[in-house]
J.: 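The structure's right below; bear with me while I get my questions together.
Since the structure is predicted, the reported quantities are computational estimates derived from the model, not experimental observations.
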Amino acid sequence: MHQTDREGPRSVSPLEGFLREYLETVGGAWDEVESEVYDVLLPAEVAGGGMLRLTFAPDALPEHPGAQLASFGTPLIDRLLGDAVARGRSALFYLVGLNLAPHNLAGKVRSAFELSEPLEMRVERVRALHFGQAVYWFRAEFVSDQKEQTLVPVAIDLHHGREMRHVEELLDHARLAPEPAQPLPDARRLSVVEGHGVAREQALRTIAALANVRGRELNARRDRQIERMTAYYADLRGELQEQAQRSRHPEEMAGKLAEKRASIDREEALRIAELRQKSSLRVHVRLMQMLLVQQPKLLAHVLIGGPKDAGTRFEVTWDPLVEAVEAVDCPACRRPTFAFARNPLGQVVCPACASKPVGKRVR
């Protein structure tokens, strides 16, 4: 059972597309009875299994009273989304279709770096290797008087141990394949667990910034509500005062009005405390999915030194996905750099480290 629209093709919503692809993946089936109305067969291990009718159009419910409304937040769709996430928490793909024989690679590598005189660069050999690139998706849940979720993806180059910027190019579906285009050895890299630690630090910076924005908005809304609430209870106390002034027996009213005023004060304090509690922001962060992409890159072994000395060996990576040379870590401070100079001890380091006086510890 698997049919498309009987009246010709139409564009489907992302949620419809998810349902179709999900059912085909888990071994279920679907039949589109009419536009946005489906008969679906769920496997036994998914949401109890069985046949049921779904509709993505609320207007179709009167004509199909036995159908379930399928939308974000409904129990069935939430279970299907949760099952899909659980099935795909981790995956491995290979990036294919890249040019591993660029013209004049040695010249491209040399021109990417700025070397102080008399330093020069000599390219010794080049190897093609698989470099692990891991993409981690973190779910941040912001909980206050309402709940909001957002996904924060972070891509880590496991070879260098630093964040990648060209995530969209890396996740191009046209280039991802379950098998490599050619067998290549793996470059040394961090494990995906070590990469998770690096990615989490990056994600927490982004999530902290999002939390600060939401916190400011939440506090501003809370302060406005407290201001209105305080004015409301002040009016109630004012009315009590007017009653006391109009009373012909103020001594007899004094006790009763004092009790009412104390009751108003307690209720105001309670309501403001409840409002502050509801308006407190809590953030929960969880790793949802991880994708490891093995990407072919070219690793060039180079020497940087003077014309007459042995020089210092470095590994320089050419990324054919973006057709660019990647920055090299400075041997002293471990920061990425495209420039090198000699320090007073004759070591080849980045310009910032080269300018530090002898004997000062490099951090």
Side-chain angles (χ1 to χ4, degrees), residues 13-15 17-18 22 47 70-92 132-158 160-171 189-230 268-293 334-336:
S13 67
L15 191 55
F18 160 75
Y22 171 81
S71 64
F72 289 109
T74 56
L76 176 62
I77 294 299
D78 282 351
R79 288 199 296 271
L80 299 186
L81 288 170
D83 184 67
V85 170
R87 290 172 182 265
R89 291 204 182 276
S90 64
L92 169 64
Q133 322 284 314
V135 185
Y136 303 85
W137 281 270
F138 295 90
R139 186 186 70 187
E141 187 174 74
F142 303 92
V143 183
S144 57
D145 55 345
Q146 57 187 6
K147 184 184 292 185
E148 184 181 359
Q149 294 180 351
T150 185
L151 284 178
V152 179
V154 179
I156 299 297
D157 182 334
L158 296 178
H160 294 291
R162 55 186 182 232
E163 186 176 4
M164 298 171 52
R165 300 300 178 187
H166 49 277
V167 182
E168 292 184 1
E169 294 88 342
L170 182 69
L171 299 181
R189 63 173 177 85
L190 301 176
S191 67
V192 293
V193 175
E194 293 170 318
H196 169 258
V198 179
R200 184 177 175 84
E201 290 182 6
Q202 299 293 335
L204 289 179
R205 294 190 183 98
T206 301
I207 294 169
L210 295 174
N212 288 336
V213 173
R214 285 165 172 79
R216 288 193 295 268
E217 295 174 349
L218 194 61
N219 290 339
R221 186 169 71 249
R222 178 204 62 198
D223 292 342
R224 289 193 299 269
Q225 292 174 325
I226 290 177
E227 185 178 353
R228 290 194 296 268
M229 191 176 296
T230 302
E268 179 185 19
L270 178 61
R271 295 291 180 263
I272 291 178
E274 289 177 348
L275 182 59
R276 292 186 183 278
Q277 183 178 6
K278 290 180 180 179
S279 300
S280 63
L281 181 64
R282 300 180 301 279
V283 183
H284 306 286
V285 181
R286 178 184 177 187
L287 176 66
M288 297 301 295
Q289 290 178 304
M290 189 280 299
L291 171 64
L292 177 61
V293 179
R334 310 309 302 175
R335 295 189 179 95

J.: As an exercise, state the distance from CZ of R221 to CZ of R214, rounded to the nearest 0.5 Å.
T.: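 Interatomic distance, R221 CZ to R214 CZ, rounded to 0.5 Å: 11.5 Å.
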J.: For A199 and I156, which heavy atoms make the closest approach, and how far apart are they?
T.: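 That would be CB-CG1, 3.7 Å.
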J.: For H196 and Y136, which heavy atoms make the closest approach, and how far apart are they?
T.: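 Heavy-atom minimum between the residues: N-OH, 3.2 Å.
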J.: Any non-hydrogen side-chain atom of V283 less than 4.5 Å from a side-chain atom of L210?
T.: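 Result no, sub-4.5 Å side-chain heavy-atom pair not found.
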J.: Minimum heavy-atom separation for S191 and L158, please, with both atom names.
T.: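 In terms of heavy atoms, the two residues are closest at O-CD2, 4.1 Å.
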J.: Show the nearest heavy-atom pair for residues Q277 and S280, with the distance to one decimal.
T.: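 Distance-wise, the nearest heavy atoms are O-OG, 2.7 Å.
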J.: Is any side-chain N of the basic residue among R224 and E227 closer than 4.0 Å to the acidic one's carboxylate O?
T.: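 Between E227 and R224 there is no salt bridge, as every charged N stays at least 4.0 Å from the carboxylate O atoms.
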J.: Starting at CG of D157, measure out to CZ of R165 and round the result to the nearest 0.5 Å.
T.: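 Result: 12.0 Å between the selected atoms.
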J.: Looking only at non-hydrogen atoms, find the nearest pair between A203 and F138 and report the distance.
T.: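 A203 and F138 have their closest heavy atoms at CB-CD1, 3.6 Å.
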J.: How many angstroms lie between atom CG of L190 and atom NE2 of H160, to the nearest 0.5 angstrom?
T.: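 Those atoms lie 11.0 Å apart.
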J.: Which heavy-atom pair separates K147 from V143 by the least distance, and what is that distance?
T.: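 Closest approach of K147 to V143: CG-CG2, 4.3 Å.
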J.: Could you grab the distance from atom OG1 of T150 to atom CZ of R139, nearest 0.5 Å is fine?
T.: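 Rounded to the nearest 0.5 Å, the OG1-CZ separation comes out at 11.5 Å.
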J.: Rounded to the nearest 0.5 Å, what separates atom CG in L76 from atom CG in L80?
T.: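 Reported value, rounded in 0.5 Å steps: 4.5 Å.
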J.: With rounding to the nearest 0.5 angstrom, report the OG to CG distance, S90 to L292.
T.: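 So the gap between those two atoms works out to 9.5 Å.
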